[in-house]
Amino acid sequence: MNKITTLDEFIMSRQKDFAYASGELTGLLRDIGVAAKIVNREVNKAGLVSILGVAESENTSGDTVQKLDLYANEKLIECLSNSGECAGIASEEDEDFVAIPSVEGKESKYVVVFDPLDGSSNIDVNVSVGTIFGIYRRKSDVGGPIEREDFYQKGTDLVAAGYVLYGTSTLLVYTTGRGVNAFTLDPTIGEFCLSHQNIQIPKSGNYYSVNQGYYLKFDVEMRRYVDHCCDLNYRLRYIGSMVADVHRILFQGGIFLYPNTRKYQHGKLRLLYECNPLGFIVEQAGGRAITCQLERIMDIEVKDLHQRATIAIGSPEMVDEMEAFVKKYQAPA
Ligand code: AHG
Ligand code: MN
Ligand code: MN
């Protein structure tokens with residue numbers, strides 16, 4: 001029998017690779033793993049309990065909020081509050097950042113950003129959803145109050161990022177900047193077990209993932225690129241959970257696009273909670289993540305907790321090709 005490596009064992013074994021290896025980052029990743037198991041349990045029984053359905057509120061970005069979004073948000077905050085390794089969080093579901101009280105005088109150096117439940121409109125119809133997270137070293141003085149600047153950090157400042165996909169099986173994928181590894185939840189033992197080591201995204205592929213219903217609202221260069229995908233008979237897959245769509249592309253190759261539309265003139269997806277963490281993972285796996293205006297996602301200056309960005313992410317050769325279309329067809333400035 002192959003030796004099973006649990007997420008905890010793996011994180012511990014990698015701790016020494018990490019520049020500031022004092023165990024805090026290890027603790028944070030572990031807290032997130034625990035929250036993921038709790039959220040997973042609720043997602044799996046979503047059809048059975050009254051938690052299913054739309055809460056009577058909208059999140060700060062104006063989208064309808066499902067009850068499970070709020071549940072996942074609460075559980076992540078609770079789990080990150082337990083060990084004292086996290087000084088503060090910023091969540092897609094909260095308008096402002098939240099300071100986490102210190103535990104037993106511990107002085108935490110990290111803040112965590114997350115989208116507690118991504119693709120939540122899929123919950124009602126039993127389709128995959130996810131959780132996305134990013135971890136930064138705080139910029140403000142350790143021991144003092146956390147500040148807005150702790151969250152206004154570029155993707156290149158991330159020390160770790162990951163996602164959990166609640167799919168046919170539940171998978172946790174993360175990077176600390178030394179490759180990407182995935183862990184599959186074994187429900188019989190309640191542990192995430194190492195299942196995919198050092199993931200490399202295929203250099204190219206034949207999947208494209210975009211809400212093509214918005215085609216007429218795209219800029220001309222994006223319409224030309226989408227036409228090209230159709231010409232080449234690329235296979236269109238669009239789940240409506242960015243995590244699930246990007247996960248397919250990470251493993252099978254392809255490109256995911258969310259361009260600017262008339263409704264979302266700066267794109268819909270959030271830089272902090274969605275684009276940067278997934279950008280870090282895909283780059284670590286050998287892929288690319290840029291905006292539809294061709295700026296590297298991880299280089300974008302953060303000026304707002306709920307800042308949005310357009311995105312083209314996936315196999316490097318396909319993102320290169322999209323870039324060439326934009327250069328060729330975009331209107332001169
Ligand atoms: P969330 O559920 O966290 O609000 O995110 C949904 C996002 C993303 O996961 C998905 O790719 C996109 O919204 C779908 O948007 P459209 O329905 O506009 O295509
Ligand atoms: Mn989301
Ligand atoms: Mn969400």
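- Between Phe256 and the options Arg237, Met318, Met242, a side chain to side chain contact (heavy atoms under 4.5 Å, CB included) holds for only Met242.
- The side chain to side chain donor-acceptor pair (under 3.5 Å) check on Ser315 picks up nothing, with sequence neighbours excluded.
- Under the 3.5 Å distance criterion, the side-chain polar atoms of Gln197 are left unmatched by any main-chain donor or acceptor of Leu194.
- Closest heavy-atom contact between Val243 and Asp118: N-OD2, 2.9 Å.
- The two residues Asn276 and Met298 make their nearest non-hydrogen contact at OD1-CA, 3.6 Å.
- The two residues Leu185 and Gly190 make their nearest non-hydrogen contact at CD1-C, 4.0 Å.
- Applying the 4.5 Å side-chain rule to ILVMFWY residues, one finds Val127, Ile239 in the same cluster as Val125.
- Smallest separation of non-hydrogen atoms from Gly88 and Phe151: C-CZ, 3.9 Å.
- The aromatic rings of Tyr208 and Tyr234 lie tilted to each other, with the angle between the two planes from 30° to 60°.
- Between the side chains of Asp219 and Asn260, at least one donor N or O lies within less than 3.5 Å of an accepting N or O.
- Side-chain polar atoms of Asn206 and Gln252 form no donor-acceptor pair below 3.5 angstrom.
- Under a cut-off of 6.0 angstrom, the local environment of CD in Glu95 is sparse, with at most 12 non-hydrogen atoms contributed by other residues, nucleotides or ligands.
- Shown here are the salt bridge (charged side-chain N to carboxylate O under 4.0 Å, His left out) partners of Asp320, two or more places apart in sequence or in another chain: Arg288.
- Classification of Asp8 and Arg30 as a salt-bridged pair holds, one side-chain N sitting under 4.0 Å from a carboxylate O.
- Other residues, nucleotides and ligands contribute at most 12 non-hydrogen atoms within 6.0 Å of the CG atom of Asp141.
- Ring geometry for Phe10 versus Phe183: interplanar angle over 60°, hence perpendicular rather than tilted (30 to 60°).
- Distance check: Gln265 CD to Thr310 OG1 gives 12.5 Å after rounding to the nearest 0.5 Å.
- Remark: of the listed residues Arg270, Lys268, Arg308, Arg270 is the sole one forming a salt bridge (charged side-chain N to carboxylate O under 4.0 Å, His left out) with Glu92.
- Taking 4.0 Å as the cut-off between side-chain N and carboxylate O, Glu221 and Arg224 do not count as a salt-bridged pair.
- With a 4.5 Å cut-off on side-chain heavy atoms, Leu305 and Tyr273 count as touching.
- Using a 4.0 Å cut-off between charged nitrogen and carboxylate oxygen, Arg148 and Asp96 count as a salt-bridge pair.
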Test log, rule side-chain hydrogen bond (donor to acceptor under 3.5 Å, both in side chains), inputs Asp94 and Asn73: CA-CA 9 Å; Asp94 292 315; Asn73 198 38; 3.3 Å; yes
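- Not a single donor-acceptor pair under 3.5 Å links the side chain of Thr131 to the backbone N or O of Tyr163.
- Side-chain contact between Val164 and Tyr166: present, with at least one pair of heavy atoms (C-beta onward) separated by less than 4.5 Å.
- The minimum heavy-atom distance between Arg138 and Val111, with the atom names listed, is CB-CG1, 4.3 Å.
- Enclosure of atom NZ in Lys203 is not indicated, since only 12 or fewer non-hydrogen atoms of other residues, nucleotides or ligands lie within 6.0 angstrom.
- Under the 30°/60° scheme for interplanar angles, the aromatic rings of Phe251 and His247 are found to be tilted.
- Comment: Lys109 engages Glu24 in a salt bridge, judged by a side-chain N to carboxylate O separation of less than 4.0 angstrom.
- For the residue pair Asp227/Tyr215, the side-chain donor-acceptor check at 3.5 Å is satisfied.
- Under a 3.5 Å cut-off, the side chain of Gln284 and the backbone N or O of Gly179 do form a donor-acceptor pair.
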